[in-house]
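In what follows, a single structure is set out as structure tokens and then discussed.
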Amino acid sequence: MIRVDGDMRRINVPALEQYTVHSLVYNIMDGEQRKDYEEFL
């Protein structure tokens with residue numbers, strides 16, 4: 001699902017795998033954010 005203009009909309013694509021999401025998120029976090037994520041989830 002994605003949010004468009006405040007509304008949630010279902011999209012017809014397969015769900016992302018955990019490792020793909022992890023990689024995407026880590027690529028946009030800096031070192032301190034990664035540390036906080038690992039410590040506090």
Side-chain angles (χ1 to χ4, degrees):
M1 295 188 80
I2 60 171
R3 185 177 302 273
V4 178
D5 296 326
D7 295 324
M8 295 300 291
R9 301 211 179 150
R10 186 173 305 277
I11 56 175
N12 193 21
V13 295
L16 297 173
E17 298 289 332
Q18 175 192 359
Y19 66 89
T20 303
V21 174
H22 185 271
S23 177
L24 291 169
V25 170
Y26 263 56
N27 283 332
I28 62 171
M29 287 194 284
D30 64 27
E32 188 169 331
Q33 290 169 322
R34 289 177 186 150
K35 181 183 169 207
D36 287 345
Y37 174 77
E38 292 295 331
E39 187 174 344
F40 303 111
L41 294 178

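Summarising the geometry, atom CE belonging to M8 is positioned 5.0 Å from atom CZ belonging to R3; distances are rounded to the nearest 0.5 Å. Expressed to the nearest 0.5 Å, how far CG of L41 lies from CG of D36 amounts to 11.0 Å.
The two residues Q33 and M29 have their closest heavy-atom pair at OE1-CA, 3.2 Å.
Not counting sequence neighbours, the partners of E39 by the side chain to side chain contact (heavy atoms under 4.5 Å, CB included) test are K35.
Grouped by direct or indirect side-chain proximity (heavy atoms under 4.5 Å, Ile/Leu/Val/Met/Phe/Trp/Tyr only), I28 sits alone.
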Going by atom type alone, with no hydrogens or angles, which donor-acceptor pairs under 3.5 Å involve a side-chain atom of residues 11-23 and a protein atom two or more places apart or on another chain?
none

